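A quick note: this is a predicted structure, and the numbers were derived from the prediction, not measured. What you see below is based on every heavy atom in this structure, not just the backbone, and it leaves out hydrogens, waters and symmetry mates.
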Amino acid sequence: MSMMKTFKFSSTVAAVSLVALAACAPAAPPPAPTSAPAPVAPAATAAPAAPAAPAPTKAPDPTKAPDPTKAPAPTQAPAAAPGTLKDVPRNRTLILGWSVGSPVGTTNPWAAPGYTHQEGNAMLWEPLFYFGIFTDKELPWLAESGIYNADFTKLTVKIRKEATWSDGTPVTSKDVAFTANGQINNDKLAYHSEFKEFVKDVKEVDDKTVEFNFNKPSPRFKFEVLTLKFDTGIPIVPAHVLSKQADVNAFAGGNDMAHSGPYDLVQWTKEQKVYDLRDSWWAIKAGIATVPDVKRIVMVNIGGQIGGNMETVAQRLVNNEMDSSLDMRDSLIASTLQKNPKIQSWTGSQPPHGYLDWWPNSLWMNHQLAPYNDVRVRKAIELSVNRDQIDEVVYSGAKISTVYPFPLYPGLQKFADNPGMKAIIEKYQPRKFDLAASAALMTDAGWKKNAKALWEKDGKTVDATIKGFEGIHSDIVPVLVEQLKKGGFDAKIDFGPETYNDMAAGKPGLYMFGHGASLADPSAVLFLFTKKPSGNNAGSNNFSRYNNPDFDKIVAAMGPLDSNDPKFTDLANQAFDIYYKDVIDIPIIQWLHRIPYNNTYWTNWPSQDNKAGGTNGAFWAHTGMLVVTQLKAAQ
């Protein structure tokens, strides 16, 4: 989930995104009817509506799912106008609740603006490789292999002989080279800068072999760019289609654009999108997939702003009108699970109801503004945060709070457990909650408590207003505000419409936001802190506007090294020593995707006990197709 994205990785190949709100959707129309409306001709001229920023400034009370009404017992999928769609039974139809706001008919991944994989188009497009985040394994897909040379200056990719486009045309090295050269030459494409910086050329050795030659050692290019996971990486596009377009960015694609994925888009309106299974999907013949039970996918537009309309969504799930939706806050999903025992979460019916997303959240502040430019003030704020209380109050006792700016996936857990990193954590004790130690630092920095028990200096208090997003932060931010007040900081909530713009511009206050960066090793998140702001641009979400040439040199030296190289670990440890010493930001929580999964019509949902290919369970992610095609019909 994201509002918009910018991707950048440099010597660390970090796909740093503005993955704003890791499971939330852009603004869209109100909830749709379950019937499939008549087709609308594809269009590419209308720009997508800008995401609606969370407006209220007051944190809402926890919500609960409404009491269920009598559940309908449909035998057919949502009806369509006569003759527009073939009949597919409800027990072979997957109904997903999401927000659909992009221009109708935009299926071309290179269309600008308008394309989004999150609104169902991930069912159309495939990469050379996927990644199983919970198994820490590469999943070769269109490619059967991708092998680096010894110094990471060349990557040889072998394409599967069975791989074909939906129109029957084979997927060949020409398509891979066309995709790569398009990124190199087209500055409107998301990974243009990465290709320009790293890729010297791409050679078609034969129909099924491609060589990527790099300008410098690029050990993470394969993972960060050529592999789809969460919201990063690129799909391969058909050369025989896009090479014929005068402007590949203006070409919408429409329902008939050749694609390699298992589903065809058969209908799209502002209310919903409908995808039907294509029996000729190449992956079945290749033996890397079985024939999916899901014959039709209906992506129902639930409307609303980020995280909005979720009470209505919960009702529809309880009534078995939907099979899954975007993720929920804890109180709502807990109530939803109670209302319908057929609904599960990643952790069944037990807290914390979700899995670790790639978006751990921190409190950020602009180091270039007083008083946040004083490390004593930053550390004093950190010492006022009681993470044990957060776990108890917000997460029902589950250990979700964190001191790391990266998610603890297997590869990153391995790094966190290395002796050097453990020694750094012991040295700086970032989890420590100590109001006396906090007060000592503030006193040393020249602050005094005023009559309201707030720290004051030169007639001013510390502006600790937390800027966040109501739809996703309404549970955690109120708790943080109360903790900071007890620490003597002038804290309150700002869920206003300018929240993100204020963060990017470096306005006074604290910012609740995540790091859309590291997945397999810590290089990407470290690289994030080397990005420099320009005007009101935070520098790829480096909201702290941190600037330290010594830190930058360490991170740059990591770039050519494989993450298994001991030198890489030593350099990363040096960088994190600086990170914790300078309190670049204050890690607060691992982010959770609390996704409801309804077993009335579909089983084999991903869970902590059913990791399948190891991919995350968000159907809107790049790996959503793998989730959908592994579902099993319950009836």
Side-chain angles (χ1 to χ4, degrees), residues 12 136 356 360-365 367 374-392 395 397-445 480 483-484 487 514-515 517-530 544 546 548 550-555 557-558 561 563-591:
T12 60
D136 202 36
L356 292 185
N361 274 220
S362 288
L363 284 177
W364 307 63
M365 59 206 84
H367 290 207
D374 189 332
V375 68
R376 292 170 295 183
V377 173
R378 299 197 297 272
K379 184 65 177 180
I381 292 173
E382 180 180 68
L383 286 164
S384 299
V385 175
N386 185 341
R387 292 174 178 81
D388 290 341
Q389 184 183 62
I390 289 171
D391 285 336
E392 185 62 34
Y395 299 103
K399 304 300 182 183
I400 303 302
S401 62
T402 189
V403 296
Y404 303 105
F406 50 75
L408 291 174
Y409 294 133
L412 286 157
Q413 183 68 64
K414 179 182 177 181
F415 171 77
D417 290 340
N418 89 77
M421 187 64 171
K422 283 189 170 183
I424 291 166
I425 296 298
E426 179 64 27
K427 177 181 178 181
Y428 294 106
Q429 299 186 57
R431 191 178 177 87
K432 185 177 182 181
F433 166 62
D434 190 333
L435 293 182
S438 175
L441 285 171
M442 292 300 290
T443 301
D444 185 62
L480 284 168
Q483 291 181 354
L484 293 177
H515 314 74
S518 289
L519 292 171
D521 69 53
S523 58
V525 74
L526 292 171
F527 175 70
L528 169 64
F529 301 117
T530 70
S544 64
Y546 184 68
N548 183 340
D550 292 335
F551 180 89
D552 295 353
K553 288 178 183 177
I554 294 170
V555 175
M558 295 168 60
L561 302 176
S563 59
N564 293 317
D565 189 327
K567 293 180 181 178
F568 175 93
T569 301
D570 289 343
L571 288 166
N573 286 339
Q574 292 177 41
F576 274 107
D577 188 275
I578 296 173
Y579 170 83
Y580 288 108
K581 174 174 67 71
D582 288 355
V583 193
I584 294 180
D585 65 7
I586 303 171
I588 302 294
I589 54 170
Q590 300 275 353
W591 191 256

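- In this structure, CD1 on Ile554 lies 7.5 Å from CZ on Phe551, to the nearest 0.5 angstrom.
- Within the 3.5 Å criterion, the main-chain N or O of Gln590 finds no donor-acceptor partner in the side chain of Thr402.
- A donor-acceptor distance shorter than 3.5 angstrom exists from the side chain of Gln483 to the backbone of Asn386, with no hydrogens or angles considered.
- Between Arg376 and Asp374 there is a salt bridge, since at least one side-chain N of the basic residue sits less than 4.0 Å from a carboxylate O of the acidic one.
- Residues Ile390 and Leu480 have side chains in contact (heavy-atom distance under 4.5 Å, counting atoms from C-beta outward).
- Classified by interplanar angle (parallel below 30°, tilted 30° to 60°, perpendicular above 60°), the ring pair Phe529/Trp364 is tilted.
- For the atom pair CG of Asp577 and CD1 of Ile424, the computed distance is 5.0 Å after rounding to the nearest 0.5 Å.
- In this structure, the side chain of Arg387 engages the main chain of Pro587 through a donor-acceptor pair within 3.5 Å.
- The backbone N or O of Ala380 lies less than 3.5 Å from a partner atom in the side chain of Ser384, making a donor-acceptor pair.
- Within the model, atoms OH of Tyr546 and CD1 of Ile584 stand 4.5 Å from one another, a figure rounded to the nearest 0.5 Å.
- How far CG of Asn573 is from CG of Asn418: 4.5 Å, rounded to the nearest 0.5 Å.
- For the pair Asp391 and Arg431, the salt-bridge criterion is met [side-chain N within less than 4.0 Å of a carboxylate O].
- Between Phe415 and Tyr404, the ring centre distance reaches or exceeds 6.0 Å.
- The only member of Val403, Ile589, Asp585 that meets side-chain contact (heavy atoms from CB on, under 4.5 Å) when paired with Ser362 is Asp585.
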Stepwise side-chain hydrogen bond (donor to acceptor under 3.5 Å, both in side chains) check, His367 with Asp582: CA-CA 10 Å; His367 290 207; Asp582 288 355; over 6 Å; no

